[in-house]
Protein chains: 2
Amino acid sequence: MTAVLVIEDDDRIRLALLLALEEEGYTAYGAGTAEEGLRRQRETPADNVLIDLMLPGIDGFECIRQLRRDDDVPIVVVSARDDTHDIVAALEAGADDYLVKPVAVKELSARLRALRRRGRSTAVPAQVFGDLEISPEAGEVRRAGRPVAVTRTEFRLLCELAEHAGRVLSRQQLLRRVWGYDTGDERLVDVHVGRLRQKIEPDPTKPRHLVTLRGLGYKLQR
Amino acid sequence: MTAVLVIEDDDRIRLALLLALEEEGYTAYGAGTAEEGLRRQRETPADNVLIDLMLPGIDGFECIRQLRRDDDVPIVVVSARDDTHDIVAALEAGADDYLVKPVAVKELSARLRALRRRGRSTAVPAQVFGDLEISPEAGEVRRAGRPVAVTRTEFRLLCELAEHAGRVLSRQQLLRRVWGYDTGDERLVDVHVGRLRQKIEPDPTKPRHLVTLRGLGYKLQR
DNA sequence: GGGCTTTTGTCACACAACTGTCATCCAACC
DNA sequence: GGTTGGATGACAGTTGTGTGACAAAAGCCC
């Protein structure tokens, strides 16, 4: 049984998260302030900590630093602000992952799983797209928690797209980055994208993650 | 220790960047031309490359392409021009991030860190017109936060208008800039504007952003 | 090495999406 | 009320993408 500590001052959000986590099979307990969170974590350490950045008193960044000081627990930041500065600062402080509110519970769950699996010290974090997890170092892809067998080329293609998640990559760019071709038949990319979709998309004809941008290329999105 | 190569022809700016980077704890070295930059990167590869677009001789775009050819180093473009075309072209050429001068050193530093840390680039800010967002890098248009599917021509047309936001563009100008036609039927523009309105205007008959200036042309406003 | 499976790249075809043209209708302006 | 410029729906030609079939190449197991 995995225990998760949720540090979040907004009662409604905290309770919603706790409920959602319990539903997913975690043991979840909450703290309304950084102080309380730190105390609980000292007394009964959880396996994961979820933390909001904007907290009364000691703020999220400081709290992360203190948690890190005496523990190696994976810390996931949940923040309303999707700001490069905050993300960087939180990761600097020692957080392991960063989610922007509103949080999709499925995604949260997948990230927690990914975090625990890799332990918190690895260099390349697993990437999560909705119910899709990609861990470059493990060479593994999972959908809804189940491993999916992809070939090497497909995996590289997926990693490349994941690395630039949310951005269009032209067939040309993909050819260069995945295959190392400076020139070549762009249709090759189509074929592999098609094969990848068969494996990672619930309905390959209506891709949700690996989408086509007609005339531009492909993009991986959440 | 992280090494950064700065390719920038203006001595004052280059030195300022080098100093600022050294201050932030990087090892920074500079190159005044693309040729010199390419040579240095071949001989002693840096961990990040910062590059200006306007360079004498080989220009920034070409330089990015050549850097990309034999290396996977994160490339950050630093340009005075905050022009959608440039941004798209730079990213196409293989750049990972784009900053507009004047550069805040803190931000630059954070982006470099983020780039290395997460192995991927941070987002290029989208252009915003009221509830309308245009993000060239994602190849995406959003209205009220929801993605709107636009075609490539529509997208280019929109980008062109956005780039000159608040100013009228004649059909002739649009034909030339979007289609590359030096001559042609101006009604073509009308049709595409109409289609675009169907997608981005809440009420296409009463356009709020993409307005007609009778006898003059079209303009995009906030 | 020989025979097997798996993966990869090429091709062709089908289909869906997009583009540009045109005709018609409407609104603004004089 | 007539004239001009703009909006729009329909249509056909074009382009771009998805996909199944197939053969070559790469692994793999005796």
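Proteins come first, then strands; the chains are lettered A, B, ... in the order of their sequence lines, and each starts at number 1. Source: prediction; values computed, not measured.
At the heavy-atom level, A:V191 lies under 4.0 Å from base atoms of the strands shown. Among the atoms of the strands shown, only primed sugar atoms or phosphate atoms (P, OP1, OP2) are found under 4.0 Å from some heavy atom of A:G215. When heavy atoms are screened at a 4.0 angstrom cut-off, A:R197 is found touching the sugar-phosphate backbone but no base atom. Backbone-only engagement by B:R171 is indicated by non-hydrogen atom pairs under 4.0 Å involving sugar-phosphate atoms exclusively.
With A:L196 as reference, A:L158 is the one residue of A:L220, A:T153, A:L158 to meet the side-chain contact (heavy atoms from CB on, under 4.5 Å) rule.
A salt bridge between B:E140 and A:K219 is present, with a side-chain N of the basic residue lying under 4.0 Å from a carboxylate O of the acidic one. Ion pairing between B:E154 and B:K199 holds under the 4.0 Å rule for side-chain N and carboxylate O.
In this structure, CG of A:D185 is placed 13 Å from C1' of D:dT17, rounded to the nearest angstrom. Distance CD (B:E186) to P (D:dG6): 9 Å, rounded to an integer number of Å. If you take CG of A:L188 and P of D:dA24, they are 18 Å apart, rounded to a whole angstrom. Summarising the geometry, the separation between CG on B:L216 and C1' on D:dG6 is reported as 13 Å, rounded to the nearest angstrom. With rounding to whole Å, B:L175 atom CG is found 14 Å from C:dT21 atom C1'. Distance CD (B:Q198) to P (C:dC18): 15 Å, rounded to an integer number of Å. C:dT8 atom C1' lies 18 Å from atom CZ of A:F155, rounded to whole Å. The distance from atom NE2 of A:H192 to atom P of C:dT10 is 10 Å, rounded to the nearest whole Å.
The shortest distance between the side-chain N/O atoms of B:R152 and the OP1/OP2 oxygens of D:dG16 is below 4.0 Å. Side-chain N/O atoms of A:T205 include none lying less than 4.0 angstrom from OP1 or OP2 on D:dG18. The side chain of B:T151 places an N or O atom within less than 4.0 Å of a non-bridging phosphate oxygen (OP1 or OP2) of C:dT19. A sub-4.0 Å separation between OP1 or OP2 of C:dC29 and a side-chain N or O of B:R214 is absent. One finds no side-chain N or O of A:Y218 lying less than 4.0 angstrom from the OP1 or OP2 phosphate oxygen of D:dG16. OP1 and OP2 of C:dT8 both lie 4.0 Å or more from every side-chain N or O belonging to A:W179. For D:dG18, one of the phosphate oxygens OP1 or OP2 lies less than 4.0 angstrom from a side-chain nitrogen or oxygen of A:T212.
Comparing D:dT19, C:dG9, C:dG20 by their nearest atom to the side chain of A:D190 picks out D:dT19. Closest to the B:R187 side chain, of the nucleotides D:dT8, D:dT17, D:dG6, is D:dG6.
In this structure, the side chain of B:Q66 does not engage the main chain of B:L38 through any donor-acceptor pair within 3.5 Å.
Remark: the A:R197 side chain and the A:T212 side chain contain an N/O donor-acceptor pair separated by less than 3.5 Å. Side chains of B:H164 and B:R177: a donor-acceptor N/O pair is present below 3.5 angstrom, by distance only.
For A:R195 and C:dG9, a side-chain-to-base donor-acceptor distance below 3.5 Å is present, hydrogens and geometry of angles not being considered.
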